[in-house]
Amino acid sequence: LLSSFRSLEQGMWTLPVQQYAVDVTLDPDTAYPNLILSDDGKQVNPGDVWNNVPDNPERFSCYFNVLGKQSFTSGRFYFEVQVKGKTDWDLGVARESINRKGLITLIPQKGYWTIWLRNGNEYEANDDPPVRLSLKSPPQKVGVLVDYEGLSVSVFNVNHTNLMASGADGP
């Protein structure tokens, strides 16, 4: 088996991904109680107060996570996330069956294909072990392409068309 994630920031992306673009809206029923979602469900920010929301089975209980309302089980889909000016973030895709309660490990073996930024300049593809991403320039927008038939998840810097990470044995 191929490793779940590998660093590929030097490669250029050539597939016309826009043809697989989907409109993702964040699901407030999955949002950790300290997160604030915009009215249109397109933006999320950490809040200072605990929101009084029901502890339903879909809601994350320990981490600042939220899922999209849309789910996909075949084909290819692509979305972009604006990260310009952010110093810490996580993004990617997850299986619908993931654990959302208690401690969560963001690795493909647990159903999460994610990358993150920490401390303003430390990029990592979350795997076991983690894969450090050495980017030539910080992304302003990150693109995620999932290919169910190819069992892969690819993440790249949209502004420079540089592939940041690619994962096999995807969702």
Side-chain angles (χ1 to χ4, degrees), residues 5 9 13 16-73 75-101 103-108 110-126 133 135 137-147 153-165 167 170-171:
F5 265 117
E9 72 280 334
W13 193 254
V17 295
Q18 292 299 334
Q19 67 185 356
Y20 306 111
V22 294
D23 186 27
V24 176
T25 304
L26 301 172
D27 185 352
D29 292 336
T30 67
Y32 182 71
N34 276 73
L35 291 177
I36 300 168
L37 274 59
S38 63
D39 290 339
D40 65 0
K42 300 291 184 183
Q43 298 180 39
V44 61
N45 286 295
D48 295 330
V49 262
W50 187 267
N51 295 312
N52 188 13
V53 292
D55 183 20
N56 60 49
E58 295 82 24
R59 189 174 310 285
F60 287 94
S61 67
C62 284
Y63 296 99
F64 285 81
N65 291 330
V66 61
L67 297 176
K69 285 183 180 182
Q70 297 74 14
S71 65
F72 305 92
T73 57
R76 289 180 177 164
F77 67 91
Y78 168 78
F79 63 93
E80 295 179 351
V81 178
Q82 182 77 30
V83 295
K84 181 180 179 180
K86 304 291 184 184
T87 57
D88 290 291
W89 47 258
D90 304 44
L91 66 91
V93 295
R95 285 193 184 118
E96 189 172 6
S97 62
I98 53 158
N99 177 31
R100 301 174 196 192
K101 304 298 181 186
L103 298 177
I104 297 170
T105 305
L106 297 177
I107 59 174
K110 301 284 185 179
Y112 295 91
W113 287 261
T114 62
I115 66 167
W116 72 22
L117 166 66
R118 294 291 182 268
N119 304 314
N121 64 358
E122 298 170 13
Y123 296 91
E124 214 169 78
N126 296 305
L133 304 175
L135 304 182
S137 60
Q140 295 181 24
K141 194 181 290 186
V142 174
V144 178
L145 176 69
V146 175
D147 179 355
V153 176
S154 299
V155 183
F156 61 99
N157 181 341
V158 172
N159 304 92
H160 292 90
T161 61
N162 289 346
L163 190 58
M164 295 166 58

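Everything numeric in this text was worked out from a predicted model, so none of it was measured.
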Distance from [X] atom [atom1] to [Y] atom [atom2], nearest 0.5 Å?
X      : Y     : atom1 : atom2 : value
Asn34  : Phe64 : CG    : CZ    : 4.5 Å
Trp113 : Arg95 : CH2   : CZ    : 3.5 Å
Asn65  : Thr30 : CG    : OG1   : 8.5 Å
Ile36  : Asn51 : CD1   : CG    : 6.5 Å

For this session: Please lay out, stage by stage, how Leu91 and Val144 fare under the test side-chain contact (heavy atoms from CB on, under 4.5 Å).
Result: CA-CA 9 Å; Leu91 66 91; Val144 178; 3.5 Å; yes

Taking [X] for the side chain and [Y] for the main chain, is one N or O donor matched with an acceptor at less than 3.5 Å?
X      : Y     : result
Lys101 : Arg59 : yes
Arg118 : Thr87 : no
Arg100 : Pro57 : no

Would a 4.5 Å heavy-atom cut-off, applied to side chains only, mark [X] and [Y] as touching?
X      : Y      : value
Lys110 : Ile98  : no
Asp29  : Asn56  : yes
Trp116 : Asp88  : no
Leu106 : Asp90  : yes
Val142 : Val155 : yes
Lys84  : Pro138 : no

Taking every non-hydrogen atom, the tightest pair across [X] and [Y]:
X      : Y      : value
Phe77  : Val22  : CB-CG1, 3.8 Å
Trp89  : Pro139 : CZ2-CG, 4.4 Å
Asp147 : Arg76  : OD2-NE, 3.2 Å

For this session: For Ser71, enumerate each residue passing the side-chain hydrogen bond (donor to acceptor under 3.5 Å, both in side chains) test, keeping only those at least two apart in sequence or located in another chain.
Result: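 Scan of Ser71 (side-chain hydrogen bond (donor to acceptor under 3.5 Å, both in side chains), adjacent residues dropped) gives none.
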
Donor-acceptor pairs are to be reported for all side-chain atoms of residues 39-47 against protein atoms at under 3.5 Å, with residues two or more places apart or in another chain.
from, atom 1, to, atom 2, distance (Å)
Asp40, OD1, Ser38, OG, 2.5
Asp40, OD1, Lys42, N, 3.0
Lys42, NZ, Asp23, OD1, 2.3
Lys42, NZ, Asp23, OD2, 3.1
Lys42, NZ, Val24, O, 3.0
Asn45, OD1, Lys86, NZ, 3.3

Exercise. In terms of heavy-atom contacts, does CD of Glu122 have more than 12 from other residues, nucleotides or ligands at under 6.0 Å?
Worked result: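 Correct, the count exceeds 12.
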
For this session: Taking ring pair (Phe, Tyr, Trp, His ring centres under 6.0 Å) as the test, write out the residues that go with Phe79, two or more places apart.
Result: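 In terms of ring pair (Phe, Tyr, Trp, His ring centres under 6.0 Å), with neighbours along the sequence ignored, Phe79 is linked to no residue.
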
Problem set entry | Aromatic centroids of Tyr32 and Phe60 separated by under 6.0 Å |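 Ring-ring flag for Phe60/Tyr32: false, centres at least 6.0 Å apart.
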
Problem set entry | side-chain contact (heavy atoms from CB on, under 4.5 Å) evaluation trace for Ile104 with Cys62 | CA-CA 8 Å; Ile104 297 170; Cys62 284; 5.8 Å; no

Exercise. Thr114 and Asn126: side chain to side chain donor-acceptor pair (under 3.5 Å), yes or no, with the steps?
Worked result: CA-CA 6 Å; Thr114 62; Asn126 296 305; 2.8 Å; yes

